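The structure appears below as structure tokens.
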Amino acid sequence: MISLLDYGAGNVRSLRNAIHALGFELTQIEDPAGILKAERLIFPGVGAFGAAMERLHRLGYVEPLKEYLASGRPYLGICIGLQTLFEGSEESPGVPGLGLIPGRIRRFDDPSLSVPHMGWNGVRVERPSPLFSDYQCEPFYFVHSYRAAPEPQNADWQLATTDYGRPFLSAVQRGRVAAVQFHPEKSGTAGLTLLKHFLAG
């Protein structure tokens, strides 16, 4: 069973459409128990880190989500779904994240860069992963103002990096828990291929 954790913070219609177009059925998470029943969980999201964490707490999703992640079942985070895996974010000081990955999310701080980072950019896959099977270096679509930095303490999570001023983590994975900063559902054939690898893997 593929479950979508739509916590009400962003438009997920394009993601739903992409998953259905790939021939997969999707179940909506409607309560905390639904997270624990999921066999394959997708957590998409846009917007502010603090607002996302506040809503997860209000819905009672934080502890079940931590339990699901600890179980090692397949997880794919998208955008905020990647950032909330970290300990916290400069966007929302004092608001703890899920704390699965060491490090904090930081704002793009190069004054020569346009922020948010919006549009198409390549990714550099740092190690083999089924998610990037058949990947031909196509660009993916990004829209974000904050980024996860590759640091020694999160080395075992680093899957792919992207250059925007300096390298940031565009994909993370350890075991069957993975997340991407870009939006695969808006990234053409390469994005759909990555989604299919997750859904069918």
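Since this is a predicted model, take the numbers as computed values, not measurements.
Under the 3.5 Å distance criterion, the side-chain polar atoms of Ser3 are left unmatched by any main-chain donor or acceptor of Ile29. Formation of a donor-acceptor pair under 3.5 Å by the Glu87 side chain with backbone atoms of Gly103 is found in this model. A side-chain donor-acceptor contact under 3.5 Å links Tyr164 to the backbone of Ser114. Formation of a donor-acceptor pair under 3.5 Å by the Arg73 side chain with backbone atoms of Ala38 is found in this model. Without hydrogens or angle criteria, Ser133 side chain to Pro130 main chain gives a donor-acceptor distance under 3.5 Å. With hydrogens and angles disregarded, a donor-acceptor distance shorter than 3.5 Å links the side chain of Asn154 to the backbone of Ala149. Looking only at distances, a side-chain donor or acceptor of Gln173 sits under 3.5 Å from a matching main-chain atom of Gly175.
In this structure, His183 and Val46 have side chains that are in contact, with non-hydrogen atoms separated by less than 4.5 Å. At a threshold of 4.5 Å between non-hydrogen side-chain atoms, the residues Leu98 and Met53 count as touching. By the 4.5 Å heavy-atom criterion applied to side chains, Tyr75 and Ile42 are not counted as neighbours. Looking at heavy atoms from C-beta onward, Leu159 lies in side-chain contact with Phe132 at the 4.5 angstrom threshold. The closest side-chain heavy-atom distance from Thr84 to Phe43 is below 4.5 Å.
Residues forming a side-chain contact (heavy atoms from CB on, under 4.5 Å) with Pro74 (at least two apart in sequence, or on another chain): Arg40, Tyr68, Arg176, Phe198. Considering only residues two or more places apart in sequence or on other chains, Glu67 meets the side-chain contact (heavy atoms from CB on, under 4.5 Å) condition with Leu36. With sequence neighbours left out, Asn17 forms a side-chain hydrogen bond (donor to acceptor under 3.5 Å, both in side chains) with no residue at all. Under the side-chain hydrogen bond (donor to acceptor under 3.5 Å, both in side chains) criterion, Arg104 pairs with no residue at all, not counting sequence neighbours. Remark: Gln136 pairs with no residue by the side-chain hydrogen bond (donor to acceptor under 3.5 Å, both in side chains) rule, at least two apart or across chains. Residues forming a side-chain contact (heavy atoms from CB on, under 4.5 Å) with Asp163 (at least two apart in sequence, or on another chain): Arg124, Pro167.
Side-chain N/O atoms of Ser170 and Gln181 include no donor and acceptor closer than 3.5 Å. In this structure, a donor-acceptor pair under 3.5 Å is present between the side chains of Glu126 and Thr161.
Ring pair His144/Tyr146: centre-to-centre distance not below 6.0 Å. Aromatic ring centres of His117 and Phe168 lie closer together than 6.0 Å. A ring-centre distance under 6.0 Å is not found for Phe86 and Phe49.
Taking both residues in full, the closest heavy atoms of Asn121 and Phe142 are given as O-CE1, 3.6 Å, listed atom of the first, atom of the second, then distance. Of all non-hydrogen atoms in Leu195 and Pro184, the two that sit nearest each other are CG-CB, 4.0 Å.
When hydrophobic clusters are built by joining Ile, Leu, Val, Met, Phe, Trp and Tyr residues whose side-chain heavy atoms come closer than 4.5 Å, directly or via intermediates, Leu113 is grouped together with Phe140. Tracing side-chain contacts under 4.5 Å through hydrophobic residues (I, L, V, M, F, W, Y), one never reaches Tyr141 starting from Ile19; they form parts of separate clusters. Under a hydrophobic-cluster definition in which Ile, Leu, Val, Met, Phe, Trp and Tyr are linked whenever side-chain heavy atoms come within less than 4.5 Å, directly or via other members, Leu4 and Leu22 are assigned to the same cluster.
The local environment of CD in Glu25 is sparse, with at most 12 non-hydrogen atoms from other residues, nucleotides or ligands closer than 6.0 Å. With a 6.0 Å radius and a threshold of 12 heavy atoms from other residues, nucleotides or ligands, Arg166 has its CZ atom at or below the threshold.
Each of Glu30, Arg16, Arg13 was scored for a side-chain contact (heavy atoms from CB on, under 4.5 Å) with Asp6, with one residue passing: Arg16.
Using a cutoff of 4.0 Å between basic side-chain nitrogens and carboxylate oxygens, Asp156 and Arg127 are not scored as salt-bridged.
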